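Since the model is a prediction, treat every value here as computed from it, not as a measurement. Letters go in sequence order (proteins before strands), and every chain restarts at 1. What's counted below: heavy atoms across the whole structure, side chains too, no hydrogens, waters or symmetry copies.
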Amino acid sequence: MPELPEVETIVRSLGPGLRGRVIDRAELLFKPLLRRRPGGGLAGLAGRRVLGARRRGKLALLAFEGGWTLVFHLKMTGQLLLVDGREAPDKHTRLIIRFRDGGPELRFRDVRKFGFLLCVSGVPEESCPELSSLGPEPLDITLEDFRRILRPRKGRIKSLLLDQTVIAGIGNIYADEILFDSRVHPETPAAALSAKAVARLWGSTRKILTSAVEAKGSSLSDYVDADGQPGSFQFFHKAYGREGERCGRCGASIRRVVVGGRSTFFCPKCQRKRRARMQVAQKVSL
DNA sequence: GCCACTGTTAGCAT
DNA sequence: CATGCTAACAGTGG
């Protein structure tokens, strides 16, 4: 489930262990992993020093001296791990990068083989569409801009939160948690959201993603950080994966439906489609 | 064994 | 263009 909080955690746990080290060689064990190599291929990595690791959307970027960058997408089951080279790699290891100091090596593991790697020379935002097509970062965008990107959209809000060209880094788990927190029904057309609902959605996005980063992400099956440590945000999920359990706010039973082909968990009572109207009616009757 | 399901998204159909 | 569905892969659980 590497979404924004998981990729952020991976990148943070990678930086201190990689910065300043010089590559000896890279061994590509699964050729299709390397989707493009405008920079000339992985052989050219030998002798290059790591400058740092950063994140954009769900992509992890490793920057090297000389303007080279490795861009990883972990998709569903990808892992970036720092491990002792004496440990034998398993059959899911797709790439190994060794360093001249003989210290821990960087391995990319990916059970389902959906992940990919790009090797780029120059500014990656300028040369790869995988980066330039991404929408704004959800933790950087202002409420005003958030309104602006949702207003013209006809689609269902959940599908839009998952659309990386609209906003980058949110996946299925955090979309459900954000919608639950903001009490917005996942199937609400974006254009139909009230100004208040959009403001709550923006606030919940910041709140959920920030606390998920603090908890080092959600570990449900494969995700661990570069040191092999799981995150703990799964213990704080209030909607995702909780079908049939009690809603922590109102006690109703959490439901599972399919929205845009994705499992969607929500509270049918807290997250109503025409909530604003109902509330007015209730207030009046009081 | 078979079928349904899984965190993502590119690519195709509508 | 926007939106919706499926396949790509491997593993797991019923």
Sugar-phosphate only, base, or nothing, as touched by D110(A) at under 4.0 Å among non-hydrogen atoms: nothing
Geometric class of the F265(A)/Y240(A) ring pair [parallel <30°, tilted 30-60°, perpendicular >60°]: perpendicular
Base dT8(B) to side chain R262(A), donor-acceptor N/O within 3.5 Å cut-off: no
Length of the line joining K75(A):NZ and dA7(C):P, which is rounded to integer Å: 16 Å
Presence of salt bridge, D101(A) and R21(A), under 4.0 angstrom: yes
Please enumerate all protein N or O atoms sitting under 3.5 Å from an N or O of nucleotides 12-14 of chain C, with distances to 0.1 Å.
none

Atom pair distance, as rounded to whole Å: CG in L59(A) and C1' in dA10(B): 14 Å
P gap between dC9(C) and dC12(B), integer Å: 16 Å
Touch class at under 4.0 angstrom, heavy-atom based, for E6(A) against every strand present: nothing
Touch class at under 4.0 angstrom, heavy-atom based, for S263(A) against every strand present: sugar-phosphate
Electrostatic pair D176(A):K238(A) at N-O distance under 4.0 angstrom: no
Interatomic distance, L4(A) CG vs dT8(B) P [rounded to whole Å]: 12 Å
Residue among I178(A), L4(A), L160(A), D163(A) satisfying side-chain contact (heavy atoms from CB on, under 4.5 Å) with I170(A): I178(A)
Sidechain-backbone polar pair: T93(A) side chain, D90(A) backbone, donor-acceptor under 3.5 Å: yes
Nearest-Å distance for atom pair CZ/P, residues R35(A) and dT8(B): 16 Å
W202(A) six-ring centre to R147(A) NZ/CZ under 6.0 Å and within 45° of normal: no
Any donor-acceptor pair under 3.5 Å from D181(A) side chain to S204(A) backbone: no
For atom NZ of K158(A) and atom P of dC5(C), their distance in whole Å: 14 Å
Proximal nucleotide (of dC5(C), dC9(C), dT9(B)) relative to the R112(A) side chain: dC9(C)
Cation-aromatic face contact R94(A)/F108(A), 6.0 Å, 45 degrees: no
Side chain N172(A), main chain S263(A), donor-acceptor under 3.5 Å: yes
Of residues 160-174 of chain A, the positions that come close to DNA chain B - non-hydrogen atoms, cut-off under 4.0 Å: Q164(A), G171(A), N172(A)
Just list the side-chain donor-acceptor pairs under 3.5 Å for residues 226-233 of chain A, sequence neighbours left out, or say none.
| residue | atom | partner | partner atom | Å |
| --- | --- | --- | --- | --- |
| S232(A) | OG | A215(A) | O | 3.3 |

Below 4.0 Å: OP1/OP2 of dT9(B) and any side-chain N or O of H73(A): yes
Cation-pi, F180(A) ring and R249(A) (6.0 angstrom, 45 degrees): yes
Which residue lies more 5' along DNA chain B, comparing E130(A) with T77(A) via nearest heavy atoms: T77(A)
Spacing of Q234(A) atom CD relative to dT6(B) atom P, expressed in whole Å: 18 Å
Carboxylate-amine/guanidinium contact R55(A) E137(A), below 4.0 Å: yes
Student check: side-chain heavy atoms of V257(A) and F266(A) closer than 4.5 Å: yes
Gap between atoms CG and P, on L220(A) and dT6(B) respectively (whole Å): 12 Å
Whole-Å distance separating the CG atom of L33(A) from the P atom of dT8(B): 19 Å
Contacts of type side-chain hydrogen bond (donor to acceptor under 3.5 Å, both in side chains), residue K154(A), not counting sequence neighbours: none
Where do N or O atoms of nucleotides 12-14 of chain B meet protein N or O atoms at under 3.5 Å, pair by pair?
none

Option passing side-chain contact (heavy atoms from CB on, under 4.5 Å) with T264(A) (candidates V259(A), V258(A), L179(A)): V259(A)
K91(A) side-chain N/O to dG11(C) phosphate OP1/OP2 under 4.0 Å: yes
Under 4.0 angstrom between H92(A) side-chain N/O and dG11(C) OP1 or OP2: yes
Watson-Crick and G-U pairing of DNA chain B written in dot-bracket, each distance under 3.5 angstrom, with | for inter-strand partners: .|||||.|||||||
Under 4.0 angstrom between K113(A) side-chain N/O and dA10(C) OP1 or OP2: yes
Comparing V111(A) and R153(A) on DNA chain C - which has the more 5′ nearest nucleotide: R153(A)
Touch class at under 4.0 angstrom, heavy-atom based, for R256(A) against every strand present: sugar-phosphate
